[in-house]
Amino acid sequence: MGDETGSFLPNRRSFLQLAGAAGGTALASGAATAQSAEEMLEDVELPDEDERPLVRLVQTGGTIASTEEAADEGYSLSEEADAIVESVPELEHFVDIEIAEAAQKGSPSLLVEDYVSVAKAAKQAEEDGAAGVIVTHGTNTIEEDAYFNDLVLDLDIPVVFVGAMRPADAIVADGPSNLLLAARLVTRNEFHLSDEPSGVYALLNETVHAARDIMKSDAWSLETFSSGSPGPIARFTDDEILIYREPGSYSSNLSDCDLEATPEMTVPIVATGAGAEAPLMEQAVNGKYDADGFAVQHSGRGGTSPAISDAVEATLDAGIPVVSSTRNFDGPASPSDEEGTDVSMEDLPVWKARIHLIVALTITSDLEEIRETVEAGKYGTAIVPTSTL
Ligand SMILES: NC(=O)CC[C@H](N)C(=O)O
């Protein structure tokens, strides 16, 4: 791709002007308002039709694909993908958008097999010569699907998950501008890496996060995505994209996993709390429940209720892998201990630790090797081991 690829797309200011000219960005914007946007486009330098980069849009459900009518169903009713693209009539002048559907569901209803469908659609997009992939997604579990894809994919093109906190027909919908910025992102050279995976990202509210680090932090606010201490990868201003961290993948590369086997893995989450118990672990130890592994949410740097501690020990003795994360929003769980009886999932929340274990278990069920798959990621750098301080 040439150096100028990114410049085909309007900057934030001209996008806002265009959106204003289009009479807002609701799905309902009709022909008359689109015509005003056409007038605005006369002042912008447009690429020739055959120079527009191909971008594959993989659609799932969520608020970005819903109208206010669907509020009672938790914004899980999907609008057709072309309606979402039409809500940004300016887009087609800059990129050639092709639509692929993965799963028409709100994100809490998505299954691991749906994550596999997204991964396959992204691989197909690369094979078809796309410059990048945009996945429209509900924000509730966007971080799990994005992390899964970051683990299993090894693509030359970037994949960016976009969501919205306001439905498509809200007075100030955020989906359309997120979609436009996602198109800008995936066509930028900085996000096309040649010697390592180009990475999976999540974009909301003009900010770009690494799939490994992103977490939804607020159930209502537009500014809900947070990467905690590692911080976002980039953000858009009127004229620029400001890049704070090297683009690329921050996850371990587990693209040698058995993708088709991931939906078959059973990995329950066990969360600690005062007097909390772990009946599923006990059943797994007694052969009454078939689990491939467990993801345990500790308190602080590490520590569970006595019943969970006992159940973890018995589960590990039974040869069933257990990984440990912290319920704290930021900062890692304590490093794995030297006896190899624990796999620390660094700062991954337990729901992402579970996704990691699901993918890793298709490669190995050896605890030490699972630990290596975690440590192969790019979470921070411990320059002085704590034990030497
Ligand atoms: N803002 C959203 O997208 C959240 C609700 C939505 N149902 C989801 O799939 O996550």
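Everything quoted here is computed from the prediction, not taken from an experiment. Counting starts at 1 for both ligands and their atoms, following the listed order.
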Ligand 1 contacted by Ser109 (non-hydrogen, < 4.0 Å) | no
Output yes when a side-chain donor or acceptor of Glu126 lies under 3.5 Å from a complementary backbone atom of Asp156, and no otherwise.
-> yes
Under 4.0 Å from any heavy atom of Gly106, which atoms of ligand 1 are there?
-> 9 (O)
Would you mind running through ligand 1 and noting each atom that sits below 4.0 Å from a heavy atom of Pro108?
-> 8 (C), 9 (O), 10 (O)
With side chains defined as the heavy atoms from C-beta onward, is the minimum distance between Ile157 and His192 less than 4.5 Å?
-> yes
His137-ligand 1 polar pair, N/O distance under 3.5 Å = no
Member of Thr315, Leu357, Ile308, Leu316 meeting the side chain to side chain contact (heavy atoms under 4.5 Å, CB included) criterion with Phe294 | Thr315
Could you tell me whether some N/O pair between Met165 and ligand 1 is separated by less than 3.5 angstrom?
-> no
Relative to atom 4 (C) of ligand 1, which among Leu222, Thr224, Asn140, Ile142 owns the nearest non-hydrogen atom?
-> Asn140
Residue Arg245 excluded, over 12 heavy atoms near CZ under 6.0 Å = yes
Under 4.0 Å from ligand 1, counting heavy atoms only, is it the side chain of Ser66, its backbone, both or neither?
-> neither
Can you find an N or O of Thr141 that's nearer than 3.5 Å to an N or O of ligand 1?
-> no
More than 12 heavy atoms of other residues, nucleotides or ligands under 6.0 Å from NZ of Lys378: is that the case?
-> yes
Answer yes or no: is there a donor N or O on one side and an acceptor on the other, between the side chain of Ser198 and the main chain of Leu193, under 3.5 Å?
-> yes
